[in-house]
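Heads up: the structure comes next, in structure tokens.
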Amino acid sequence: MDLEALNEYMTERGLPAWRTDQVWGWLARGAAGFDEMTDLPKDLRSDLGDSFEISTLGVAGSALSRDGTEKTLFETADGRPVEAVLMRYRDGRRSLCLSSQSGCPLTCTFCATGTMKFGRNLTESEILDQALHYRRSEAVDHAVFMGMGEPMMNLDNVLAACERLPEVGIANSHTTISTVGWLPGIERLAVEGPPVRLALSLHAPNDELRSEIMPINERYPISGLIEACLEWRRRRRRKVFVEYLMLEGVNDSPELARELGQLLGKGRDFKVNLIPFNPSGTGYQGSSREAIDRFRKALMSTGVHATVRLTRGRDIDAACGQLAARAAA
Ligand code: SAH
């Protein structure tokens, strides 16, 4: 729902602002149409139905993985592709992977999104409508900004959406913003905005290697990122998640694991998530299970805690780095 337009609509008709909040409340609880909003006057319900779509996003396709993961391809009103994923876990957790932009202007060499054309930043409502799409069919309780785009290049809208996610069922403590290392965004998140979690896509322990696989590192090198993360950690009192993609023969040696351990210090501030590489048509090979285990052991021996990410939805190209707006169509 275009909340800004809805607000204008109410103002123009001299209706109180709490009418907008009422509509939002219904949407956040999973309402699929205005007719369900029984505490609105009947005439208003039907007028709203004539003037508004329930979502700013149209559904252009969806795919269901064997593991229950569901990917949806949306289209904005101006025809931009946007993807989101719902991951259903056996313990009942329902986690959403949300997009902050259509496409991505950055060019990480291993990521499928970077190979598609960059569209634009998504609005607050376009971000929320991804979550509401799933909320209409079931309760959801976690969200990660790990879909298309770099959330910190669209931080105003991402934070505005985060402010409303608790009403949808997703607490800020269950919301994670993942960044390529957009330094001004990390610095800002340390001092303002809701208390969401922070994840840094590091993928290499030194600038030489990181710049090779992530060109953004030329602009914001590692030392500044670590410093900003430590500041965020001090202020927010949460550990920073570090994501580390496992690329065979590129960044997966035990030496690099120890270098990573040194960089991150004794593990008081960071938690590492090792990510098995998902095929993205970018020419890389993922590290073997054994190589990942070896890397993890070497890293743990430095005192840094590390887990290996469970891969979901790979059979439908819904896993990390695979969202490129093609397979869902
Ligand atoms: N731009 C943000 C959020 C989107 S990417 C960021 O970079 O953090 C979400 C995560 O998926 C990032 O850690 C990204 O590096 C990782 N990723 C990208 N391509 C991948 C691939 N092919 N396999 C596994 N993870 C990948």
Side-chain angles (χ1 to χ4, degrees), residues 69 71 82-85 87 95-116 118-119 121-122 127 130 143-155 158 161-162 175-186 189 196-204 209-210 212-217 219-220 222 225 228-229 240-248 250-252 270-287 292 306-327:
T69 298
K71 174 166 87 162
V82 175
E83 283 185 317
V85 182
M87 289 159 287
S95 189
L96 298 178
C97 179
L98 303 176
S99 293
S100 54
Q101 301 180 311
S102 172
C104 185
L106 302 176
T107 51
C108 300
T109 55
F110 43 78
C111 181
T113 308
T115 62
M116 68 181 274
F118 174 60
N121 281 343
L122 300 180
I127 294 169
Q130 297 168 53
V144 291
F145 281 89
M146 296 188 190
M148 290 180 172
E150 169 51 40
M152 296 218 172
M153 295 177 82
N154 185 19
L155 202 50
V158 167
C162 289
T175 302
T176 303
I177 295 183
S178 175
T179 178
V180 76
W182 192 260
L183 185 65
I186 301 174
L189 199 62
V196 295
R197 306 284 181 118
L198 173 66
L200 172 67
S201 295
L202 190 60
H203 308 325
L209 179 56
R210 191 165 193 267
E212 227 172 79
I213 60 178
M214 301 175 75
I216 187 65
N217 192 66
R219 179 149 172 199
Y220 300 123
I222 294 175
L225 297 181
C229 285
V240 178
F241 298 115
V242 165
E243 293 160 280
Y244 195 99
L245 191 54
M246 298 299 295
L247 301 169
E248 185 181 65
V250 176
N251 65 355
D252 62 350
F270 297 94
K271 258 196 244 176
V272 176
N273 212 210
L274 300 175
I275 312 178
F277 177 71
N278 297 308
S280 57
T282 50
Y284 288 99
Q285 290 293 318
S287 308
I292 297 177
T307 51
V308 181
R309 175 176 295 168
L310 220 58
T311 297
R312 311 278 303 189
R314 201 186 265 185
D315 57 329
I316 55 166
D317 285 348
C320 302
Q322 292 187 309
L323 299 181
R326 55 187 147 78

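Hydrogens, waters and symmetry mates are skipped; everything else that's a heavy atom, side chains included, is used. Quantities reported herein were computed from a predicted structural model and do not represent experimental measurements. Position 1 is the first residue of the sequence; numbering continues from there. When a ligand or atom number is given, it counts from 1 through the structure's own listing order.
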Side-chain donor-acceptor pair present, Glu150, Thr179, cut-off under 3.5 Å: yes

Ligand 1 contact by Cys108, heavy-atom criterion under 4.0 angstrom: no

Non-hydrogen atoms of Asn154 and Ser100 that approach each other most closely: ND2-O, 2.9 Å

Sequence-distant partners of Phe270, ring-ring contact (aromatic ring centres under 6.0 Å, His included), two or more places apart: none

Atoms of ligand 1 close to Glu243 [distance to a heavy atom under 4.0 angstrom, numbered from 1]: 10 (C), 12 (C), 13 (O)

Region of Asn278 engaging ligand 1 - heavy atom pairs below 4.0 Å: both

Contact check, His203 vs ligand 1, heavy-atom distance below 4.0 Å: yes

Ligand 1 atoms in contact with Gly147 (distance to a heavy atom under 4.0 Å): 4 (C)

Any N/O pair Gly149/ligand 1 closer than 3.5 Å: yes

Minimum-distance pair of heavy atoms, taken over all atoms of Ile186 and Gly181: CD1-CA, 4.2 Å

Working for side-chain contact (heavy atoms from CB on, under 4.5 Å), residues Gln101 and Thr113: CA-CA 10 Å; Gln101 301 180 311; Thr113 308; over 6 Å; no

Donor-acceptor under 3.5 Å (Ser178 side chain, Met146 main chain): no

Side chain, backbone, both or neither: Glu150 near ligand 1, heavy atoms under 4.0 Å: both

Ligand 1 contact by Pro276, heavy-atom criterion under 4.0 angstrom: yes

Residue portion contacting ligand 1 (non-hydrogen atoms closer than 4.0 Å) for Thr179: backbone

Ligand-residue contact atoms, ligand 1 with Ser280, heavy atoms, under 4.0 Å: 22 (N)

Heavy atoms of other groups near Glu248 CD, more than 12 under 6.0 Å: yes

Check: Arg309 N/O within less than 3.5 Å of ligand 1 N/O: no

Short side-chain donor-acceptor distance under 3.5 Å, Ser201 and Glu243: yes

Proximal atoms of ligand 1 relative to Val180 (non-hydrogen, under 4.0 Å): 6 (C), 7 (O), 8 (O)

Shortest non-hydrogen separation from Gln130 to Ala84 and the atoms involved: OE1-CB, 3.6 Å

Distance filter under 4.0 Å to Ile275 heavy atoms, resulting ligand 1 atoms: 24 (C), 25 (N)

Which segment of Phe145 sits under 4.0 Å of ligand 1 when only heavy atoms are counted: backbone

Nearest heavy-atom neighbours spanning Cys108 and Val180: SG-CG2, 3.7 Å

Under-4.0 Å heavy-atom contact with ligand 1, by part of Ser178 that carries it: both

